[in-house]
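Computed over heavy atoms, backbone and side chain alike; hydrogens, waters and symmetry mates excluded. So you know, we letter chains A, B, ... as the sequences are listed, proteins then strands, and number each from 1.
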Number of protein chains: 2
Amino acid sequence: MSTPVVRPPLADEVVARLRDAVTSGRWGVGEKIPSEPELVAEYKVSRGTLREAVKALAHAGLFEVLRGDGTYVRATSEISGTAQRVYREHLDEDVLQVRFALDTQAARLAAGSADTAVIAELRVLLEKRRESWVSGDYEAWSAADWEFHLLVAQASGNSLLHELYESFGDVFHGTKMVQRLEAGFDGALATGHEELLDAIEAGDGEAAVHTVIANLDYCMGWMPAK
Amino acid sequence: MSTPVVRPPLADEVVARLRDAVTSGRWGVGEKIPSEPELVAEYKVSRGTLREAVKALAHAGLFEVLRGDGTYVRATSEISGTAQRVYREHLDEDVLQVRFALDTQAARLAAGSADTAVIAELRVLLEKRRESWVSGDYEAWSAADWEFHLLVAQASGNSLLHELYESFGDVFHGTKMVQRLEAGFDGALATGHEELLDAIEAGDGEAAVHTVIANLDYCMGWMPAK
DNA sequence: TAAACATTAGACGTCTGATGTTTGTTACGG
DNA sequence: CCGTAACAAACATCAGACGTCTAATGTTTA
């Protein structure tokens, strides 16, 4: 008749529903999602169709499928899995330069939308970061450092920037760990985080950008010779 | 035994082989890949397993599966499909700001690694871009404009930056088309591409960055009021 | 002759059922 | 208390079948 109803593949719809279940928080990160037979019953599709959808999202990094155990939620955004796979295919130097690009923009935007509450939170993180360094707790230092940078990205008010920046997480942490092992790296002083925060508080975007540039120059000095 | 042979899912291996077939150029972009029965015979797996792999890569943007027709190669990198899906979930303003971050870094790096051959190529593209504008061929203008930016990203020498920048392609083109429709947008003059190229040729990274900043400021003025 | 319609072969979409493998748990025996 | 064996749950894979869609080809008709 007159209804040339083009039916989109069922599997695509299942992908969307699974994605929604994650982003809506129905299944939190780390949780195990229902088993295949349960999802088959819920979505009224065959196992094959369901598995195609789960596989697609697993490949994207949203899920991790453990044979004989179950499927777990590993991320809330699809960018992380793909991004991490891509990052590993490039030189550390290239990855760092891209992070720098995002860092610079985050600093610039954060300076433009200064928020006293966020700034106070950033100061707390910076203090924690400093204390961790002097006490030799490198694990805590790395965590606080990353939280600081991530919060700056969030303070930019640009959700895409924040999401992209977050996707660098694991890769950057790995790189940082390597850097820490290099003798002579001073995690407390030469990275200019205090200056960055001051610039953000002052609303001086240009100054904020320059502190980030200085930071990169310092970091690049500790990059392994290619 | 000392060999706890953990066998990774067959589908994952198929994913890798399909990916290699694309990146190695065995199947070029736009080409149709062999049918499912043919691939089943080649990889010695069941159709269900093969489909899981194809679906995963299709979701990642590498393939496009057309029902009743076949499966076509749509990209050589997995980042594009995922990225484009993510971009659409964010404000145009946020996307533009991220592009600006990459643009700035590309300009800075390109200025640092000036190459006479590339610069000549960039001049050609810029000339084509200018001619297209005065002749009113907006299609060609948009294409030349994008090629110019993409070549700058490539000239940065950072393959990850180039890949990420390329992933913006479709989204940016769409945005640019909208901008063009806005009355008063001057594609030939106010975007400072000539100044950018001059700065790159002079090896002046700071100047290159400033032209990009000026460009963004101009573009942001034409953003639809949120 | 050319445009509109009908047919057909190939390709993807989905379902069903069965069997293999891996993992986590539990109960048993030492 | 501990190690091991048996069991159950969950994912992995396979094989076959049928439906539906697309593109190409063939046929009819104005």
Side-chain angles (χ1 to χ4, degrees), chain A residues 1-19 21-22 26-27 30-74 81, chain B residues 1-19 21-22 26-28 30-75 81:
Chain A
M1 263 299 281
S2 61
T3 56
V5 272
V6 285
R7 212 175 341 165
L10 249 184
D12 290 358
E13 190 184 327
V14 175
V15 166
R17 294 185 64 176
L18 289 173
R19 239 171 58 99
V22 172
R26 175 181 166 192
W27 305 324
E31 281 181 46
K32 185 198 289 191
I33 74 175
S35 69
E36 288 179 354
E38 285 176 288
L39 292 175
V40 161
E42 179 179 345
Y43 294 150
K44 307 283 178 53
V45 298
S46 73
R47 282 189 299 286
T49 301
L50 176 78
R51 278 180 56 82
E52 283 180 14
V54 171
K55 255 303 188 162
L57 290 179
H59 186 73
L62 221 63
F63 294 145
E64 182 183 11
V65 182
L66 298 182
R67 196 150 67 178
D69 183 4
T71 301
Y72 295 80
V73 179
R74 290 298 181 230
Chain B
M1 279 283 282
S2 58
T3 55
V5 270
V6 286
R7 201 168 2 157
L10 248 185
D12 290 358
E13 190 186 327
V14 176
V15 165
R17 294 184 64 176
L18 289 173
R19 238 172 58 99
V22 172
R26 174 181 167 192
W27 304 325
E31 282 181 43
K32 185 196 290 191
I33 74 175
S35 70
E36 290 178 355
E38 286 176 290
L39 292 175
V40 161
E42 179 178 346
Y43 294 149
K44 306 284 177 56
V45 296
S46 75
R47 195 171 158 223
T49 301
L50 176 80
R51 278 181 56 82
E52 283 181 15
V54 171
K55 259 295 189 164
L57 291 178
H59 186 74
L62 222 64
F63 294 145
E64 184 183 11
V65 183
L66 297 183
R67 189 176 177 174
D69 183 5
T71 301
Y72 295 80
V73 179
R74 290 298 181 228

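- Nearest-nucleotide positions on DNA chain C place B:Lys32 closer to the 5' end than the other of A:Asp12 and B:Lys32.
- Non-hydrogen atoms lying under 4.0 Å from DNA chain D are contributed by B:Arg67, B:Gly68, B:Asp69, all within residues 54-70 of chain B.
- The shortest distance between side-chain heavy atoms of A:Arg51 and A:Glu36 falls below 4.5 Å.
- With sequence neighbours excluded, no residue satisfies salt bridge (charged side-chain N to carboxylate O under 4.0 Å, His left out) with A:Arg47.
- Counting to the nearest Å, the C1' atom of D:dC14 and the OH atom of B:Tyr43 are 19 Å from each other.
- Using a 4.5 Å heavy-atom threshold, the side chains of B:Pro9 and A:Lys55 count as touching.
- A close approach under 4.0 Å does occur between a side-chain nitrogen or oxygen of B:Thr71 and OP1 or OP2 of C:dC12.
- For the side-chain contact (heavy atoms from CB on, under 4.5 Å) test, residues two or more places apart in sequence or in another chain that qualify with A:Arg17 are A:Glu13, A:Tyr43.
- For B:Ser46, the side-chain contact (heavy atoms from CB on, under 4.5 Å) test picks out B:Thr49, with sequence neighbours left out.
- Within residues 46-53 of chain B, the residues having any heavy atom under 4.0 Å from DNA chain D are, by residue number, B:Ser46, B:Arg47, B:Thr49.
- Under the side-chain contact (heavy atoms from CB on, under 4.5 Å) criterion, B:Arg74 pairs with B:Glu64, B:Tyr72, sequence neighbours left out.
- Taking B:Glu42 as the reference, B:Arg26 meet the side chain to side chain donor-acceptor pair (under 3.5 Å) condition, with sequence neighbours excluded.
- In this structure, B:Glu13 places its CD atom 10 Å from P of D:dT13, rounding to the nearest Å.
- In this structure, the side-chain contact (heavy atoms from CB on, under 4.5 Å) partners of A:Val73, at least two apart in sequence or on a different chain, are A:Val22, A:Trp27, A:Val29, A:Ile33, A:Phe63.
- Atom pair B:Lys44:NZ and D:dA15:P shows a separation of 12 Å (rounding to whole Å applied).
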